[in-house]
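Heads up: the structure comes next, in structure tokens.
Computed from a predicted model, the values in this text were never measured in an experiment. Just so we're on the same page: letters track the sequence lines, and every chain starts at 1.
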Amino acid sequence: MRYWLMKSEPTVFSWDDLKQAPNQTTCWEGVRNYQARNFMRDQMALGDRVLFYHSNAKPPAIMGVAEVVKTAYPDSFAWEPHSKYFDPKSSPEHPIWVMVDIRYCHDIDPPITLPQLRQIAGLENMILLRKGSRLSVQPVTPEEWAVIMEVTHSQGSC
DNA sequence: GCCAACGTTGGC
DNA sequence: GCCAACGTTGGC
């Protein structure tokens with residue numbers, strides 16, 4: 001099992017939105033970066049754990065844990081002309097972008113804010129914390145995951 | 001609102 | 001293939 005971090009702007013899709021979604025599950029459409037896509041397409045497996053991160057939030061924070069319940073499949077939003085994720089280069093015959101489905105697992109309560117993350121020993125090399133890092137889907141090492149789970153005392157089964 | 005960092009586009 | 005211009009991300 002691998003570990004990931006996925007960013008979402010809460011004004012677009014929030015942690016609460018996930019909790020209130022049918023089956024507490026959502027498709028993760030709209031990834032339009034090749035590196036992020038390749039992680040989803042090539043490496044994400046059923047049961048992988050995901051840190052759900054609020055970007056462009058006050059404060060930015062890790063809100064909870066989700067799990068991958070469906071592996072990569074074509075992102076059909078890319079060929080919806082009225083979607084903000086429309087990409088004319090993609091088509092049903094030749095999809096470019098993929099999405100996965102994730103399901104709510106448990107809260108991280110309280111959320112771990114970005115300033116707090118920067119102070120936690122063992123997370124110095126987290127991709128999220130690197131200067132200029134913008135990857136919206138990124139791997140988290142088992143060691144980083146363990147540190148974060150240690151810091152939050154929230155637990156829950158998926 | 002600002003702006004640094006990054007990714008993409010397109011002319012050459 | 002180079003690289004300048006541009007658009008986006010996302011913290012502050």
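Rounded to the nearest 0.5 angstrom, A:Met99 CE and A:Ser76 OG are separated by 4.0 Å. Atom NE2 of A:His94 sits about 14.5 Å away from atom NZ of A:Lys89, to the nearest 0.5 Å.
Annotation: of the two residues near DNA chain B, A:Asn56 and A:Lys89, the 5′-most nearest-nucleotide partner is A:Asn56.
The main-chain N or O of A:Leu135 is found under 3.5 Å from a side-chain atom of A:Lys7 such that the two form a donor-acceptor pair. In this structure, A:Arg49 contributes its side chain and A:Met1 its backbone to no donor-acceptor pair below 3.5 Å.
Within residues 125-135 of chain A, the residues having any heavy atom closer than 4.0 Å to DNA chain B are, in order of number, A:Lys131, A:Gly132, A:Arg134.
Bending across the helix from B:dG1-C:dC12 to B:dC12-C:dG1, expressed as the angle between its end axes from five pairs apiece, amounts to 10° (10° rounding).
Nucleotides of DNA chain C with any atom under 4.0 Å from a heavy atom of chain A span, from 5' to 3', C:dG7 to C:dC12.
For the pair A:Val65/A:Leu51, a side-chain contact is recorded, criterion being any heavy-atom separation below 4.5 Å from C-beta on.
The 12-atom threshold is not exceeded at CG of A:Asn23, counting heavy atoms of other residues, nucleotides or ligands nearer than 6.0 Å.
A:Pro60 comes within contact range of the sugar-phosphate backbone alone, with a heavy-atom separation under 4.0 Å but no base atom that close.
When all heavy atoms are compared, the tightest approach of A:Phe77 to A:Cys27 is CE1-SG, 4.2 Å. The heavy-atom pair separating A:Met6 from A:Val50 by the smallest distance is SD-CG1, 3.4 Å.
Aromatic ring centres of A:Trp79 and A:Tyr85: separated by at least 6.0 Å.
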Next on the checklist: Would A:Tyr73 and A:Trp97 count as a ring pair (Phe, Tyr, Trp, His ring centres under 6.0 Å) here? Give the steps.
Outcome noted: CA-CA 8 Å; A:Tyr73 59 104; A:Trp97 305 109; over 10 Å; no
